[in-house]
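Letters go in sequence order (proteins before strands), and every chain restarts at 1.
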Amino acid sequence: MHGAENHRTEAAYEPLLQFEMEMGAFLSDWNHCDQLSSFMARMISHNRTDPVRHSNFFSSALNELLEVSFRGGSPDGRIGCAVYRRGPTERVELTFPCPPGQRQFYGEAVAKTRDGDAHARYLDSIATDLAPSREAVLLDLSINFDADVRLGESDPPSITLVVDLPLEGVVR
Amino acid sequence: MNTTALAVPFKAEFDPNSQEFALSGVVRPRSADEIAAIISMLKGAIEEVRGVLYINVKRLVQMNNTAYHAFARVLLDSCRTRSDIRFVVVTSSVVGWTERMFAHLNRIEPQVTVEVYDSKFYPGQSFVENTSFIPILRTQTKMTWRHERAILPRHGLRPGMAMADICCGIGDFAMLARKEFQPARIVALDHSKASLAYARDVASGFGVTDIEYTYGDASEMLLEDNQFDFVTCRHSLQIFNQPDMLLKELFRICKPGGRVYITNEKNSHCLGEPRSQSIQWTYNEVARLFSHFEMDVELGPKSKRYLVDAGFDDILVESFMVTNLDGDPQDFADIIAAWENVYAGEMAVKRGDPPEFIERFRQGFRDHIFAALHPKGYAGWPIWAASGRKPL
Ligand SMILES: C[S@@+](CC[C@H](N)C(=O)[O-])C[C@H]1O[C@@H](n2cnc3c(N)ncnc32)[C@H](O)[C@@H]1O
């Protein structure tokens with residue numbers, strides 16, 4: 001799995017589920033985002049306090065990430081997605097190939113989720129943008145799902161997004 | 001892959017009478033063009049209404065950012081051009097992210113406000129959802145189970161089924177059913193966070209991890225269609241003010257060929273000897289008290305009608321009497337004491353009843369307890385168990 005070196009240092013995250021597929025196959029149908037996020041959400045939520053609602057929240061967040069990779073990914077290579085758990089938090093590691101030069105773009109988008117003015121930026125995007133940018137999507141995750149978003153290690157031209165979702169605490 | 005063959009997973013409706021635009025289901029378009037029809041329906045609605053437009057997203061199960069931005073765009077632009085209307089987005093506490101996401105619109109335009117419909121949505125909710133009902137539920141199921149464990153197989157419950165207990169209360173029925181009938185899956189749903197917390201506690205105390213306790217509104221569930229072989233809903237159609245709405249949902253989540261099983265009371269038929277008249281008077285008053293809060297605790301004998309109207313076939317109805325002779329009479333007395341506490345001690349007080357009334361009301365419960373514990377006494381509580389099959 002890509003990004004394996006990344007979580008070795010945080011051994012307390014236990015692996016729950018992962019998938020890998022050809023990026024070209026993934027990109028062949030937009031509905032893959034919905035189908036994969038719904039399926040994975042249901043699988044990993046069954047032993048959460050409120051499985052139905054946990055699954056609904058998780059699917060929302062994962063779908064946005066998959067949509068980011070769908071819109072920004074390039075067809076050569078493989079897409080991989082792994083879900084880990086530690087206590088109340090699920091970690092999603094999503095690795096996908098994208099055109100060269102995108103790394104910096106994602107780096108900046110991720111950094112903005114940690115900015116002091118993330119909230120203002122997010123409101124501004126709702127108020128003005130016709131369609132959500134990838135940056136707005138990551139802001140949505142951090143603001144509406146209390147997610148912590150980072151870039152993980154990956155070999156170019158792949159990108160790994162590491163997103164920690166403390167949903168067990170959010171779904172009360 | 002042919003995506004046009006897939007059924008559209010969402011629905012939009014505009015009702016000009018209630019000035020309500022309702023959006024439900026899963027809305028995850030690739031671009032806003034794919035939802036152009038519902039966007040223009042929303043624009044049309046905005047043109048038509050006066051004063052307030054309600055935007056009902058109670059059953060919006062999923063909405064991606066693309067769809068959200070497209071909707072936000074229409075609402076926010078309308079705020080700028082139409083200072084004469086307000087938008088009330090009606091969300092549910094069950095789908096928590098909708099509340100969060102739509103609340104941002106209010107920060108941008110105060111003309112848009114967000115209401116959580118299920119924070120106060122049926123008249124009896126405050127009594128039923130706080131902890132006062134817990135002792136009632138605990139004592140009741142202990143007694144009803146003796147009967148129902150034999151009744152349930154007659155209504156089609158078999159081991160290995162996928163089952164759901166909707167309006168599960170403190171979850172004791174789910175625990176008992178799980179043990180006795182070993183379902184392949186069991187979901188237990190209620191809208192009382194206090195009862196669910198209690199239920200989860202009991203389950204984890206027994207090391208039970210496979211009951212899926214879930215918070216939800218039984219009249220607007222997130223559960224998907226056609227999921228369960230056997231759906232139970234006990235003593236709850238009589239508590240919610242729109243029992244037909246609950247049945248519609250029970251029908252929806254039940255598999256074709258599966259069955260929905262309901263139990264309900266006719267409280268005015270509770271009885272006891274000796275002191276039958278005082279007992280009778282009090283239970284007639286119980287029925288009236290509940291109807292004051294729009295709850296129909298006389299629903300039991302109407303079960304068949306409700307099941308037929310909801311579209312079920314092969315309907316079975318039976319009744320049974322929980323009595324002081326079923327086991328330890330003290331168990332029966334404990335139920336009545338729990339009723340007295342909540343019905344006389346809380347509900348009658350809330351209705352504003354005078355102390356003389358409350359005293360007489362209490363007396364009937366005490367007489368029922370007296371009858372239950374009397375060596376020659378008899379005390380009964382009748383219940384109707386009914387089920388119907390969802391046609392194939
Ligand atoms: C009288 S109790 C019965 C509980 C349980 N079935 C039993 O027999 O012990 C009624 C239950 O219905 C629940 N309830 C009523 N209306 C509801 C709704 N719309 N959605 C979910 N739960 C509801 C209440 O929270 C309460 O726990």
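Here B:Arg30 is the residue among B:Arg73, B:Glu109, B:Arg200, B:Arg30 with the most heavy-atom pairs under 4.5 Å with chain A. Between chain B and the residues A:Val52, A:Asn56, A:Asn47, A:Leu123, the largest count of heavy-atom pairs under 4.5 Å involves A:Asn56. Top candidate by heavy-atom pairs under 4.5 Å with chain A, chosen from B:Glu212, B:His104, B:Glu99, B:Met63, is B:His104.
Atom CZ of residue A:Arg134 and atom CG of residue B:Asn65 lie 13.5 Å apart, to the nearest 0.5 angstrom.
Remark: the backbone N or O of B:Tyr215 is paired with a side-chain donor or acceptor of A:Asp50 at under 3.5 angstrom. Under a 3.5 Å cut-off, the side chain of A:Arg53 and the backbone N or O of B:Thr214 do not form any donor-acceptor pair.
A pairwise comparison of heavy atoms in A:Asn144 and B:Arg100 identifies O-NH1, 2.8 Å as the closest pair. Closest approach of B:Trp97 to A:Phe57, counting heavy atoms only: N-CZ, 3.5 Å. The two residues B:His69 and A:Asp129 have their closest heavy-atom pair at ND1-O, 3.9 Å. Closest approach of B:Leu105 and A:Ile126 over heavy atoms only: CD2-CG2, 3.9 Å. The two residues B:Gln62 and A:Ser60 make their nearest non-hydrogen contact at OE1-OG, 2.6 Å.
With a threshold of 4.5 angstrom between heavy atoms, A:Arg71 approaches chain B through side-chain atoms but not through N, CA, C or O. Residue contact with chain A, scored on non-hydrogen atoms closer than 4.5 Å, involves the side chain of B:Ala72 exclusively. Of the two parts of A:Ala127, the backbone and the side chain both hold a non-hydrogen atom closer than 4.5 Å to a non-hydrogen atom of chain B. With a 4.5 Å cut-off on non-hydrogen atoms, A:Ser133 does not touch chain B at all. For chain B, no part of A:His54 is nearby; none of its heavy atoms comes within less than 4.5 Å. Heavy atoms of A:Thr128 lying under 4.5 Å from chain B belong exclusively to its backbone. Within the 4.5 angstrom heavy-atom criterion, only side-chain atoms of A:Phe70, from C-beta onward, approach chain B.
Atom CZ of A:Phe105 has more than 12 neighbouring heavy atoms from other residues, nucleotides or ligands inside a 6.0 Å radius. Around the CZ atom of A:Arg114, the shell of radius 6.0 Å holds more than 12 heavy atoms that belong to other residues, nucleotides or ligands.
One side chain, A:Glu67 or B:Asn64, offers a donor N or O that lies under 3.5 Å from an acceptor on the other.
Below 4.5 Å, heavy atoms of chain A meet heavy atoms from B:Leu222, B:Leu223, B:Glu224, all part of residues 216-226 of chain B.
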